[in-house]
2 protein chains.
Amino acid sequence: MPLDAETALADAPPGHKDELRLWLRLLTCTNLIEAEIRRRLRAEFDTTLPRFDLLAQLERHPGGLTLGDISRRMMVSNGNVTGLAARLEEEGLVERRVSATDRRAQSLRLTAKGRREFARQSAAHEGWVAELLGGLSIAEREALQTLLGRAKASVTASLQEGGA
Amino acid sequence: MPLDAETALADAPPGHKDELRLWLRLLTCTNLIEAEIRRRLRAEFDTTLPRFDLLAQLERHPGGLTLGDISRRMMVSNGNVTGLAARLEEEGLVERRVSATDRRAQSLRLTAKGRREFARQSAAHEGWVAELLGGLSIAEREALQTLLGRAKASVTASLQEGGA
DNA sequence: GGAAAATAGTTGAAGCCTAAACTATCCCGG
DNA sequence: CCGGGATAGTTTAGGCTTCAACTATTTTCC
């Protein structure tokens with residue numbers, strides 16, 4: 001496991017536009033947190049972030065979601081969800097049910113075991129994040145939340161334009 | 001290509017600590033940008049983000065870097081760099097040279113072709129980022145840069161504690 | 001000098017991910 | 001009713017990524 005945050009690719013190669021510096025810092029920051037979360041999911045629950053994310057989606061939609069719904073919500077490809085769902089089903093955490101009205105579609109939902117497992121994982125996950133970001137004051141967190149909202153708006157606006 | 005940013009996993013599942021909301025927004029924001037950059041690298045240069053990152057490392061160190069250096073700087077595993085370097089070498093963008101003083105080590109550097117290619121990619125990349133984040137004012141960018149620095153400090157402090 | 005520990009890199013198994021091609025089904029208009 | 005287009009999922013090929021086991025070499029230190 002490398003993970004030497006100090007010498008990371010990411011921070012401040014000089015002589016570039018400050019948008020680039022901002023992007024690299026954003027990336028470092030996210031990667032740092034994400035790597036730690038992945039590490040702990042593996043170490044404490046022997047699972048992965050994509051599995052966790054899929055379970056989170058199902059938890060928020062107890063009525064079930066189709067594979068296509070999940071693919072859209074997780075912003076990943078269709079084929080990706082096929083494999084992920086297969087593994088989770090094999091582990092007994094989710095179950096499939098073919099739609100009564102559309103024989104192409106099938107909806108996924110958590111099994112009782114899946115709900116139990118996810119509850120444990122989710123509680124721990126929330127704690128980890130609170131711990132990692134706990135060094136920020138409430139004011140800082142709010143300001144960051146707002147600014148990231150602005151950044152997201154900038155990006156989506158730019159994508160709209162390009163795609164229009 | 002799914003990529004429906006509006007219905008993303010990420011934003012604001014209610015009833016959670018605000019650290020979690022902040023983390024999810026950070027993640028969405030980063031993923032949105034990163035996905036677009038990957039898409040354009042593929043579309044315009046038929047390459048990938050990891051390849052680009054590796055070339056960027058070499059560009060910043062014209063004297064060459066060992067595979068281990070690269071692995072540490074990119075914060076990825078050793079084995080990962082082995083494969084990446086093999087593909088880039090095969091494409092003629094980098095060249096290996098066994099160390100004169102340590103027969104285990106080999107250093108990588110850009111070939112002339114690699115330098116040329118990276119220059120093109122890098123210029124485009126910088127433009128994309130400026131475009132995507134161009135909706136933010138200078139003040140917003142500076143504030144975000146500072147707050148992300150604080151966030152990174154919070155995370156690394158938390159990791160230090162845990163590992164101490 | 002030589003054994004033991006550390007370091008550089010490779011390999012293999014497994015999971016994640018995408019794009020593109022494919023199958024099966026549904027829906028719409030004539 | 002039926003042909004064509006859209007939609008739901010699967011499959012395949014290939015790249016990325018990790019971890020763990022491995023080889024080769026160097027360093028440490030007795």
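In what follows, every chain begins at residue 1, and chains take the letters A, B, ... in the order their sequences are listed.
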Measure from [atom1] on [X] to [atom2] on [N] and round the result to the nearest Å.
X	N	atom1	atom2	value
B/Asp46	D/dG15	CG	P	10 Å
A/Leu49	C/dA14	CG	P	22 Å
A/Leu54	D/dG9	CG	P	12 Å
A/Leu108	D/dA8	CG	P	15 Å
B/Ile70	C/dA8	CD1	P	13 Å
A/Arg38	C/dG15	CZ	P	15 Å
A/Leu67	D/dT7	CG	P	17 Å
B/Asn31	C/dC16	CG	C1'	14 Å

Output yes when A/Arg38 and A/Glu34 qualify as a salt bridge under the 4.0 Å nitrogen-oxygen rule, no when they do not. yes

Show the distances under 3.5 angstrom between N or O atoms of the protein and N or O atoms of nucleotides 20-27 of chain C.
from   : atom 1 : to       : atom 2 : distance (Å)
C/dT25 : O2     : A/Arg104 : NH1    : 3.2
C/dC26 : OP1    : A/Arg103 : N      : 2.8
C/dC26 : OP2    : A/Arg103 : NH2    : 3.4

Per atom distances to the A/Leu84 side chain, the nearest of C/dC16, C/dG9, D/dT10 is C/dC16

Counting side-chain heavy atoms from CB outward, which of C/dC17, D/dG9, C/dG9 is closest to A/Gln106? D/dG9

Looking for any heavy atom pair under 4.0 Å, which part of the strands does A/Thr66 touch: base, sugar-phosphate only, or nothing? sugar-phosphate

Contact nearer the 5' end of DNA chain C, comparing A/Arg87 with B/Arg42: A/Arg87

Can you list the residues that meet the salt bridge (Lys or Arg N to Asp or Glu O under 4.0 Å) rule with [X], with sequence neighbours excluded?
X	result
A/Arg115	none
B/Glu91	B/Arg51
B/Arg87	none
A/Arg109	none

For [N], does OP1 or OP2 lie under 4.0 Å from any side-chain N or O of [X]?
X	N	value
B/Asn80	D/dC16	no
A/Arg51	C/dC16	yes
B/Thr48	D/dC16	yes

Summary of ring pair (Phe, Tyr, Trp, His ring centres under 6.0 Å) pairs that have at least one residue in residues 101-122 of chain B, sequence neighbours excluded: B/Phe52-B/Phe118

With no hydrogens and no angle check, just 3.5 Å: does a side-chain donor-acceptor pair link B/Ser77 and B/Asn80? no

